[in-house]
Amino acid sequence: MTWQTDAACRDTNPELFFPPSEDDTSTIVARHRIAVAPICGVCPVATECLRWALDTGQDYGLWAATTPTDRRAIRRARLAGVPDPVADVEPMCSGCALLFPMPAVDGQLCAACTERTLL
């Protein structure tokens, strides 16, 4: 996680990013989210932060100003083949929603999906 050294929040109190409530609709979570939004908004590694939170299944805290509910919705959309405009800058396989390791054309299938369609 070398991206953390470049994070805008590196000198911020971590408690700001971990509200005392797990209810994303609560006022306290909303206040925390409003407080972290300007920090995350100017962060040079917000995309890496969000990717890491999504890829490691972070179920607590605000990562790149997203709540656990936001991240679950992003994961569900990815499984349906819909990339997230922030976390998934690179094209994804339209069959399985895996990110391509190298540039590809949107709508292109990864090798595994291509092989499945040939069978």
Side-chain angles (χ1 to χ4, degrees):
M1 294 191 319
T2 58
W3 55 266
Q4 285 184 331
T5 58
D6 296 326
C9 65
R10 70 183 170 277
D11 296 324
T12 306
N13 183 347
E15 288 184 19
L16 185 61
F17 293 87
F18 292 91
S21 172
E22 291 182 29
D23 178 8
D24 290 353
T25 63
S26 72
T27 305
I28 193 144
V29 172
R31 287 182 181 155
H32 279 251
R33 192 172 188 178
I34 290 168
V36 303
I39 299 167
C40 297
V42 298
C43 184
V45 294
T47 298
E48 289 85 350
C49 174
L50 179 55
R51 280 187 200 148
W52 184 83
L54 291 167
D55 294 345
T56 60
Q58 296 300 310
D59 289 331
Y60 300 99
L62 301 170
W63 296 87
T66 63
T67 65
T69 302
D70 297 333
R71 293 190 299 276
R72 282 190 294 275
I74 293 169
R75 283 195 216 73
R76 280 192 305 273
R78 279 177 154 186
L79 288 173
V82 179
D84 181 72
V86 175
D88 303 321
V89 179
E90 298 88 9
M92 299 171 65
C93 171
S94 59
C96 65
L98 290 177
L99 291 175
F100 284 102
M102 49 199 292
V105 178
D106 274 334
Q108 182 178 350
L109 296 175
C110 67
C113 288
T114 302
E115 187 174 313
R116 270 196 302 271
T117 60
L118 296 175
L119 296 176

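Computed from heavy atoms alone, side chains included, the values below leave out hydrogens, waters and symmetry copies. Computed from a predicted model, the values in this text were never measured in an experiment.
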Given side-chain contact (heavy atoms from CB on, under 4.5 Å), test Val86 with Ile74 step by step and report yes or no.
-> CA-CA 10 Å; Val86 175; Ile74 293 169; over 6 Å; no
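Across every non-hydrogen atom of Arg75 and Gly57, the tightest pair is NH2-CA, 3.2 Å. Gln4 approaches Arg10 most closely through the heavy-atom pair O-CB, 4.0 Å. Between Glu15 and His32 the shortest heavy-atom distance is O-CE1, 3.5 Å. Here the closest non-hydrogen pair linking Asp23 and Ser21 is N-OG, 3.1 Å. Across Ala65 and Ala37, no two heavy atoms sit closer than the pair CB-CA, 4.4 Å. Of all heavy-atom pairs between Ala64 and Ala46, the closest is CB-O, 3.5 Å.
Checked against side-chain hydrogen bond (donor to acceptor under 3.5 Å, both in side chains), Asp24 has the following partners two or more places apart in sequence or in another chain: Thr67, Thr69. Taking the side chain to side chain contact (heavy atoms under 4.5 Å, CB included) definition, one finds that Cys9 meets it with Ala7, Thr12, Phe17, Ile39, sequence neighbours left out. Take Asp6 and apply the side chain to side chain contact (heavy atoms under 4.5 Å, CB included) test, not counting sequence neighbours, and it matches Val45. Partners of Gln58 by side-chain hydrogen bond (donor to acceptor under 3.5 Å, both in side chains), not counting sequence neighbours, listed by chain and number: Thr56. Remark: Arg31 engages no residue in a side-chain hydrogen bond (donor to acceptor under 3.5 Å, both in side chains) (not counting sequence neighbours).
Ring geometry for Trp52 versus Trp63: interplanar angle of 30 to 60°, hence tilted.
Here CZ of Arg33 is found 11.5 Å from OG of Ser26. Values are rounded to the nearest 0.5 Å. Between atom CG of residue Leu62 and atom CD1 of residue Ile34 there is a gap of 11.0 Å, rounded to the nearest 0.5 Å. To the nearest 0.5 Å, atom CD of residue Glu48 and atom CG of residue Asp55 are 11.5 Å apart.
By the neighbour-count criterion of 12 heavy atoms within 6.0 Å, atom OH of Tyr60 is sparsely surrounded, having that number or fewer from other residues, nucleotides or ligands.
Put simply, the side chain of Arg71 gets close to the backbone of Thr66: a donor and an acceptor are under 3.5 Å apart.
Clustering of Ile, Leu, Val, Met, Phe, Trp and Tyr by side-chain heavy atoms under 4.5 Å joins Val29 with Ile28.
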